[in-house]
Amino acid sequence: MRLERRIRRDFPEPGSAVEIMRMLDGLPGTAGYDEEHFAGERLQAAIVLLAEGSIRRFHESVGLALTDWRDLLVAAELDHESWPDRLQAELSH
């Protein structure tokens, strides 16, 4: 999975990537609204992209996602119709 590769690259410390993925997997159950959104790659990738490899920023991004997922997409520049192209570019290297 391309998001998993990005997570492993951005969070190389032992155990970090596994914990990030576990937290992302748990988001749909804790979101409190539209669980399908949080199960998809777009929102999870937005969280990872905003984190930029920082655990602190990851937690902040999760908080933003839980407050308003639309603001998360805007902040990660995944809110426009060309978001699939941006996601492909970000997750392909």
Side-chain angles (χ1 to χ4, degrees):
M1 159 191 245
R2 62 189 189 163
L3 181 56
E4 181 178 337
R5 281 193 310 272
R6 176 65 182 249
I7 292 168
R8 291 187 184 284
R9 189 189 90 201
D10 286 1
F11 299 92
E13 299 82 22
S16 293
V18 171
E19 182 63 15
I20 294 292
M21 288 184 284
R22 185 191 66 73
M23 292 175 72
L24 289 174
D25 287 344
L27 272 178
T30 61
Y33 57 91
D34 205 349
E35 292 183 16
E36 280 188 34
H37 278 313
F38 285 95
E41 183 183 51
R42 185 180 183 190
L43 286 176
Q44 291 187 6
I47 292 168
V48 172
L49 294 176
L50 282 179
E52 297 179 331
S54 164
I55 297 293
R56 180 187 56 77
R57 289 193 64 178
F58 173 82
H59 288 288
E60 290 171 357
S61 298
V62 167
L64 178 58
L66 295 175
T67 301
D68 190 332
W69 60 268
R70 294 162 298 207
D71 287 344
L72 171 72
L73 292 180
V74 169
E77 299 178 17
L78 293 174
D79 60 318
H80 43 76
E81 64 185 40
S82 63
W83 70 265
D85 295 332
R86 173 160 159 64
L87 205 54
Q88 176 63 29
E90 288 290 340
L91 300 181
S92 64
H93 35 111

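Keep in mind the model is a prediction, meaning the values are calculated, not measured. Atoms considered below: every heavy atom in the structure, side chains included; atoms not considered: hydrogens, waters and symmetry mates.
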- Which is it for Leu66 and Leu27 under the side-chain contact (heavy atoms from CB on, under 4.5 Å) test, yes or no, and what are the steps along the way? CA-CA 9 Å; Leu66 295 175; Leu27 272 178; 3.9 Å; yes
- With sequence neighbours left out, which residue pairs that include part of residues 56-67 fulfil the salt bridge (charged side-chain N to carboxylate O under 4.0 Å, His left out) condition? Glu52-Arg57, Arg56-Glu60
- Task: Can you sort out the partners of Arg22 under side-chain contact (heavy atoms from CB on, under 4.5 Å), two or more places apart, ordered by chain and number?
- Result: Glu19
- Query: Can you list the residues that meet the salt bridge (charged side-chain N to carboxylate O under 4.0 Å, His left out) rule with Glu77, with sequence neighbours excluded?
  - Reply: none
- Note on the structure: Nearest heavy-atom contact between Gln44 and Leu24 is NE2-O, 3.2 Å
- Query: Got a sec, which residues hit salt bridge (charged side-chain N to carboxylate O under 4.0 Å, His left out) with Glu81, two or more places apart in sequence or on another chain?
  - Reply: none
- Note on the structure: In short, Leu91 meets Arg5 closest at the heavy-atom pair O-NH2, 4.1 Å
- List in chain and number order the residues that pass side-chain contact (heavy atoms from CB on, under 4.5 Å) with Asp25, two or more places apart in sequence or in another chain; answer none if no residue qualifies. none
- Counterpart residues, side chain to side chain donor-acceptor pair (under 3.5 Å), relative to Arg2 (two or more places apart): Glu41, Gln88
- State yes or no: do Ile55 and Met21 share one hydrophobic cluster built from I, L, V, M, F, W and Y residues joined by side-chain heavy-atom distances below 4.5 Å, directly or via other members? yes
- Residues forming a side-chain contact (heavy atoms from CB on, under 4.5 Å) with Ala76, sequence neighbours excluded: Ala46, Leu50, Leu78
- For Glu90 and Arg6 the tightest heavy-atom approach is O-NH1, 2.6 Å
- Task: Give, for atom OG of Ser16 and atom CG of Asp10, the distance between the pair rounded to the nearest 0.5 Å.
- Result: 11.0 Å
- Could you grab the distance from atom CZ of Arg86 to atom NE2 of His80, nearest 0.5 Å is fine? 6.5 Å
- Which distance, rounded to the nearest 0.5 Å, do you find between the CZ of Arg42 and the CG of Leu73? 4.5 Å
- Query: Are Val74 and Arg70 close enough, and set up right, to give a side-chain contact (heavy atoms from CB on, under 4.5 Å), and what steps lead you there?
  - Reply: CA-CA 6 Å; Val74 169; Arg70 294 162 298 207; 5.7 Å; no
- Message: Using the side chain to side chain contact (heavy atoms under 4.5 Å, CB included) definition, which of the options Val62, Ile7, Ile47 pairs with Ile20?
- Response: Ile7
